[in-house]
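Basis for what follows: all heavy atoms, side chains included, without hydrogens, waters or symmetry-related copies.
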Amino acid sequence: MATKISDSITYVGIDDLSTRLFEAQYPTPKGMSYNSYVILDDRIAVMDSVEAGGGEAWIADILAATEGREPDFLVVHHMEPDHSACILQALERFPNLTLVASAPALKMVPQFFPEINIDGRTLTVKEGSELDLGHHKLTFYTAPMVHWPEVLVSYESTSRTLFSADAFGKFGAIQAGGEWTDEARRYYINIVGRYGAQVQSLLKKLMPVTVDRIAPLHGPVLDAPLDKYLGLYDAWSSYRPETRGVLVAYASIYGGTAEAALELADKLRSEGVEEIVTIDLTTGSLSEAVAQAFRMSHIVLASATYDAGLFPAMHDFIHHLNLKNFRNRTVGYIENGSWAPVAAKRMSALMATMPDIVDLSPVVTVRSRLDAASRAKLHELANAVKASLANG
């Protein structure tokens, strides 16, 4: 439904409550939003398209927002199909519509839509380009690899609105509500997290600009004060821990490793450590585990030995941390093996490929189940984690 977010800007995006797996891998139990906006002025700009199933509703909302006037421009900040799927529909419905995009984006259009003839219907913009709509003016900033190479963001100076592409987005349909931070963190780390340097570059570009409103391509419009959102994005993209706390991530086959991991967490809680998250990597959300690892300053990895290596759930978790440029954390290890435990050695070697990883001692070795000796080591590790947290 078309919804005004200012005197001149109307939301015309789509909420999909049925989506349960975004990008074929990230769970979205509360659906997903695909955002688009209309700027109503002497000339009308539509900001981005929506996913394929929402085209008819999107066109209807555009017509409602413009009171039947034909839009002049379709601004394409990002060519990923969840935001560009209805370009063809818009060009056919509005014969005088001009596509506004970066040169790399316009090269992608025929890749997704070989049937489109866009000759004479495009306007190429780059860093610093301006689009004058009358009372409103858009200024474009390139944002390569946030999180595709063709990405632009744009700033509308009259309303002080930043159209931020995928930056500042979150998982979940808008009507599902919910606090922004947790699902925005999970979205950022898993979708954009590898490209922290590029996000930092974009944040620096935007520092001179006064922004009162951020309009992302997923999730709610963010209104001033924006310090919270900007601060979190700065921390995430700098790979700084958001919270001094501990993630205990475990991969257990028959329960012995899980028992040790959960006892460690209980010991830390009993010692006054409040920020602790435990995740079973065999049943929990991998994307949530990765997001929590980025949130916390410390992680403890607990894995069974499997085929003289790591249990696959743990190996997959560490692989995903590496993919997202994980770094600058303190790590403890718990291993289990009934006859030849090697999981800690394997985990430490994989973590050592990431920058600024500090290993804690002791390594806890469990042989099948905790006994008095391994429990004593577990409590030593809990004390080492607590001391490291206190040293801040």
Side-chain angles (χ1 to χ4, degrees), residues 1-16 32-51 54-80 82-87 89-91 93-94 97-102 105 123 125 130-141 143 146 151-170 172-175 180 206 209 211-224 226 229:
M1 177 181 292
T3 306
K4 278 199 168 289
I5 63 174
S6 78
D7 290 342
S8 56
I9 302 172
T10 302
Y11 175 86
V12 291
I14 300 296
D15 254 0
D16 183 356
M32 200 69 186
S33 70
Y34 304 96
N35 297 347
S36 175
Y37 309 89
V38 168
I39 304 175
L40 195 62
D41 204 329
D42 298 337
R43 295 191 291 178
I44 298 171
V46 178
M47 313 300 278
D48 295 290
S49 169
V50 295
E51 58 87 28
E56 289 187 10
W58 176 60
I59 295 291
D61 282 348
I62 291 171
L63 291 171
T66 63
E67 299 179 349
R69 289 173 57 195
E70 181 174 342
D72 300 275
F73 303 105
L74 174 59
V75 176
V76 180
H77 291 100
H78 182 22
M79 271 300 298
E80 197 168 7
D82 54 334
H83 307 301
S84 68
C86 297
I87 286 176
Q89 204 165 343
L91 289 172
R93 178 62 181 79
F94 305 118
L97 190 68
T98 297
L99 283 183
V100 180
S102 65
L123 175 63
V125 290
E130 294 183 346
L131 182 64
D132 193 340
L133 302 177
H135 300 285
H136 300 80
K137 182 182 292 184
L138 289 166
T139 302
F140 293 91
Y141 299 84
V146 186
V151 173
L152 297 167
V153 302
S154 62
Y155 175 70
E156 199 291 295
S157 54
T158 300
S159 62
R160 296 181 176 178
T161 300
L162 175 68
F163 295 94
S164 62
D166 272 341
F168 300 96
K170 69 181 284 288
I174 292 173
Q175 63 189 283
W180 180 84
L206 296 171
V209 176
V211 179
D212 290 342
R213 179 186 296 109
I214 297 175
L217 287 177
H218 297 292
V221 173
L222 305 175
D223 293 315
L226 300 174
Y229 313 111

Open item on the list: Is the shortest side-chain heavy-atom distance between I9 and S159 below 4.5 Å?
Closed with: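 Yes, their side chains come closer than 4.5 Å.
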TODO: Mind jotting down which residue pairs meet the salt bridge (charged side-chain N to carboxylate O under 4.0 Å, His left out) criterion with at least one end in residues 157-169? Sequence neighbours excluded, please.
DONE: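 Every pair satisfying salt bridge (charged side-chain N to carboxylate O under 4.0 Å, His left out) with a residue in residues 157-169: R160-D212.
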- [ ] Begin from the C-alpha positions of S49 and W58 and carry the test side chain to side chain contact (heavy atoms under 4.5 Å, CB included) through to its verdict.
- [x] CA-CA 8 Å; S49 169; W58 176 60; 3.9 Å; yes
- [ ] Before giving the answer on side chain to side chain contact (heavy atoms under 4.5 Å, CB included), spell out for F163 and V153 the whole-Å C-alpha distance, their side-chain angles and the decisive distance to 0.1 Å.
- [x] CA-CA 6 Å; F163 295 94; V153 302; over 6 Å; no
- [ ] Determine the sole option in I174, V12, V221, D15 for which the side-chain contact (heavy atoms from CB on, under 4.5 Å) test with N35 is passed.
- [x]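 Of the listed residues I174, V12, V221, D15, the side-chain contact (heavy atoms from CB on, under 4.5 Å) partner of N35 is I174.
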- [ ] For R93, check side chain to side chain contact (heavy atoms under 4.5 Å, CB included) against everything at least two apart and list the hits.
- [x]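 Side chain to side chain contact (heavy atoms under 4.5 Å, CB included) list for R93, sorted by chain: I59, L63.
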Task: CD/E56: more than 12 non-hydrogen atoms of other groups inside 6.0 Å - done: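 12 or below, so no.
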Open item on the list: So for atom CG, which belongs to D42, do other residues, nucleotides or ligands contribute more than 12 heavy atoms lying within a distance under 6.0 Å?
Closed with: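 Above 12, so yes.
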- [ ] Would you check if the side chain of S36 reaches a backbone N or O of M47 as a donor-acceptor pair within less than 3.5 Å?
- [x]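 Yes, the answer is positive, given that a donor and an acceptor are paired below the 3.5 Å cut-off.
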Task: Nearest-0.5 Å distance that lies between atom CG in L131 and atom CZ in F73 - done: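 It is 4.5 Å, given to the nearest 0.5 Å.
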Task: Distance, nearest 0.5 Å, that separates CG of D41 from CD of E156 - done: 8.0 Å
- [ ] Specify whether H83 and H78 have parallel, tilted or perpendicular ring planes, treating 30° as the upper limit for parallel and 60° as the lower limit for perpendicular.
- [x]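 Rings of H83 and H78: tilted, 30 to 60°.
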TODO: For the residue pair H77 and D48, confirm or rule out a side-chain donor-acceptor distance under 3.5 Å.
DONE: yes
